[in-house]
Amino acid sequence: MAYAPIEDHGIIGDLHSVALVTQDGEIDWYCCPRFDSPSVFARILDDEKGGSFRISPTADGYRTKQLYLPDTNVLITRFLSDTGVGEVVDFMPVGEQEEDRHRIVRIVQCVRGHVHFHLDCTPAFDYGRTPHELHLDSHGAVFETDDLTLALDAPVDLTQDEGGVHAFFTLEPGERRTFVLERIPDGGHSTRPFPEEVCQTLFQDTVDYWRRWLYQCTYRGRWRETVRRSALILKLLCYRPTGAIVAAPTTSLPESIGGGRNWDYRYTWIRDASFTLYAFLKLGFTEEARGFMAFLKARALEQHSSGEGPLQIMYGIDGRHELEEFELPDFEGYRHSSPVRVGNGAAGQLQLDIYGELINSIYLYDKRGEPIDYEVWQVVVELLDWLMENWDRKDEGIWEVRGGQQHFTYSRLMSWIAFDRALRIATTRGFPCPMIEWRETRDRIFDQLVTRGFSQTRQAFVQVLDGDVLDASTLMMSMGHFVAANDPMMLSTLDAIRDELVTDSLVYRYNPALAASDGLEGEEGTFSICSFWWVEALARSGQLEEARLAFEKMHTYANHLGLYSEEIGPSGEALGNFPQAFTHLSLISAAIYLDRALDEDRTRVR
């Protein structure tokens, strides 16, 4: 069978892990019990060895529709066939008493006519590397390995074949069958029945959880449904036990088909999570911001030092530091895009921008969330003590280049933001700090940026100091309040980026042929976060008509459920890990600012 396109997926989750569900009713990515656990289903990375859990009509020629139950992360996949209409309702219960079970609940029902269904559940534990034992009993099937055992409660007769189970069943109007896949605690070896009333309680409790959570959202603007869906996706990427936020729940979905730009994003980047905290705060979700602040505080207080700064650029969702990168040679990769990687070798890089993003988030949390305590302030002071001595170093930068360190302009910008926001906190709260030294350092960085980060030849802020290559990360110059949005330097930067990096509404992060070497071969798509940065930078500069059109066009690149991956390919296809937090949080930021700017513009017109 062919690989389902990346964009043909929905997502469900329980704040510990997620499952991707295709429009054909197939779960082709699921790790248990955590985001970063080895896969159980990974057919999206190898269509023969990866394993999957599919429920779909037996006949060919059916059409599918997929939607979320409004204001929830409960996914409905509908099948429209010649004989009738059926649907599969997928969800993972959240916050239930037996949370360690990590259940996937699949309710199959017939709406009209009659539908013949086929079930195929074939797990492939540990990225297909670990064989399992399969046992059938009176209630379903048990899949057992030394490290993980799963049980499938099935109210239909199952047959087994080559490590998987299969079933055929027919439903008439109003009939339903509920299948529950759950983790069995250590020592368990059998399935257990799930009466219909229990399944309905799980369903209703899950619906109620998501709607109660979303009720906190304060955004009421033009793109309400789009923003709320992005918020629901960001919430799914939160790991509740520690407050960590993953960059994406998948690994090795390629940035270009057949290329080697395939990375594991199932970890917590300080940068990505700090931006996500900002998005949550802007929407009124303080609990998630509080959880991530606790995670950051714990990491900083560990006083880990590897010679590359007091913080790593990323951590495991449990706070671990070691994220050893290795390849899975037996997996062919999505559409033959190898290698498939687990772990991330960039964890040891020096990326100086993370301090600005982190301290800016602390500043916003103190302003919009809750006042920070003195212990957090001491962490800020210690971080800036280190940064005062190191801000002028080369690093790998926001794009995590693997071709050698450079003096990246964006890293300097974020170092400036680190000192600027810390000074604002100190002034507002009266915290003690070396204010004179911080101001002097901030001003030195400012002078360096305007003299060496702005190219007189290109009339634009550029990727590296004293260089002449454009980079979409410089759009943050106005968004980070380093220069005014209508400053001539910013306006001419927008013009240069429009001419070289923008194609319609889509924005490349840089030109790989001209930019600092990232140590990799192959092309890449346009970066969706850069496209939403472009929208916001345009709006801030007063170019509202162009900004709104670009924003509306970006909506056409979302999938059928409003989900985005990291990149957009040449034919509008999704590329890279999916769904990606960076993209959705930048959408939220752009929507909030553009909405406000349009309202203000309308008021002036009146």
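Quick note: residue numbers are just sequence positions, from 1.
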Where does the angle between the aromatic ring planes of [X] and [Y] fall among parallel (under 30°), tilted (30 to 60°) and perpendicular (over 60°)?
X	Y	result
W533	Y410	parallel
F431	W377	parallel
Y239	F35	perpendicular

Would [X] and [Y] pass as an ion pair if we require N to O under 4.0 Å?
X	Y	result
R458	E500	yes
D318	R34	yes
R452	D447	no
R220	D595	no
R439	D443	no
R540	E536	yes
R341	D264	no

Got a donor-acceptor contact below 3.5 angstrom from the [X] side chain to the [Y] backbone?
X	Y	value
R412	D392	yes
E389	W386	no
T493	F461	yes
R266	S37	yes
H584	L563	no
T268	I245	yes
T218	L283	yes
R548	L598	no
D504	L506	no
N262	P339	yes

Non-hydrogen side-chain atoms of [X] and [Y] separated by less than 4.5 Å:
X	Y	answer
R271	D353	yes
F419	E440	no
Y365	S274	no
T583	F578	no
L491	S541	yes
W210	L236	yes
K282	S589	no
I6	E573	no

Exercise: identify the closest heavy-atom pair between [X] and [Y]:
X	Y	answer
A574	S565	CB-OG, 3.3 Å
G467	S455	O-CB, 3.7 Å
D395	L350	CB-O, 3.0 Å
V94	D14	CG2-CA, 3.9 Å
P579	L237	O-CD1, 4.1 Å
D471	T474	O-OG1, 2.7 Å

Practice item. Give the intermediate values and the outcome of side-chain contact (heavy atoms from CB on, under 4.5 Å) for residues Y315 and I270. Key: CA-CA 8 Å; Y315 295 90; I270 295 296; 3.9 Å; yes
Review point. Quick one: does NZ or CZ of R299 land under 6.0 Å from the six-membered ring centre of F295, within 45 degrees of the ring axis?
Key: yes
Exercise for review: Would you confirm whether the ring centroid of Y564 sits within less than 6.0 angstrom of the ring centroid of F532?
Suggested key: yes
Once you round to the nearest 0.5 Å, how far does [atom1] of [X] lie from [atom2] of [Y]?
X	Y	atom1	atom2	result
E600	L544	CD	CG	9.5 Å
Q580	I233	CD	CD1	13.0 Å
L358	L296	CG	CG	5.5 Å
F280	R290	CZ	CZ	13.0 Å
M414	I398	CE	CD1	7.0 Å
Y355	I313	OH	CD1	10.0 Å

Review point. Step by step, would you call D495 with R498 a salt bridge (charged side-chain N to carboxylate O under 4.0 Å, His left out)?
Key: CA-CA 5 Å; D495 290 340; R498 181 188 290 107; 2.9 Å; yes
Review point. Given E288 and W213, is the side-chain hydrogen bond (donor to acceptor under 3.5 Å, both in side chains) satisfied, shown in steps?
Key: CA-CA 11 Å; E288 289 67 31; W213 181 80; 2.8 Å; yes
Check your understanding: Is the number of heavy atoms from other residues, nucleotides or ligands under 6.0 Å of K394 NZ greater than 12?
Key -> no
Exercise for review: Using a cut-off of 6.0 Å, state whether more than 12 heavy atoms not belonging to E545 lie near its atom CD.
Suggested key: no
Practice item. May I have the step-by-step check of side-chain hydrogen bond (donor to acceptor under 3.5 Å, both in side chains) for W269 and E400, ending in yes or no? Key: CA-CA 12 Å; W269 271 254; E400 300 181 355; 2.5 Å; yes
Exercise for review: Verify side-chain contact (heavy atoms from CB on, under 4.5 Å) between F446 and F482, making sure each step is shown before the conclusion.
Suggested key: CA-CA 8 Å; F446 186 97; F482 175 77; 3.1 Å; yes
Check your understanding: Please walk me through it: do L549 and S505 pass side-chain contact (heavy atoms from CB on, under 4.5 Å)?
Key -> CA-CA 8 Å; L549 180 58; S505 63; over 6 Å; no
Review point. Does the side-chain contact (heavy atoms from CB on, under 4.5 Å) test come out yes or no for L352 and R393, once each step is laid out?
Key: CA-CA 8 Å; L352 294 167; R393 292 172 59 181; 4.3 Å; yes
Review point. Name the one of F527, Y508, F408 that satisfies ring-ring contact (aromatic ring centres under 6.0 Å, His included) with W399?
Key: F527
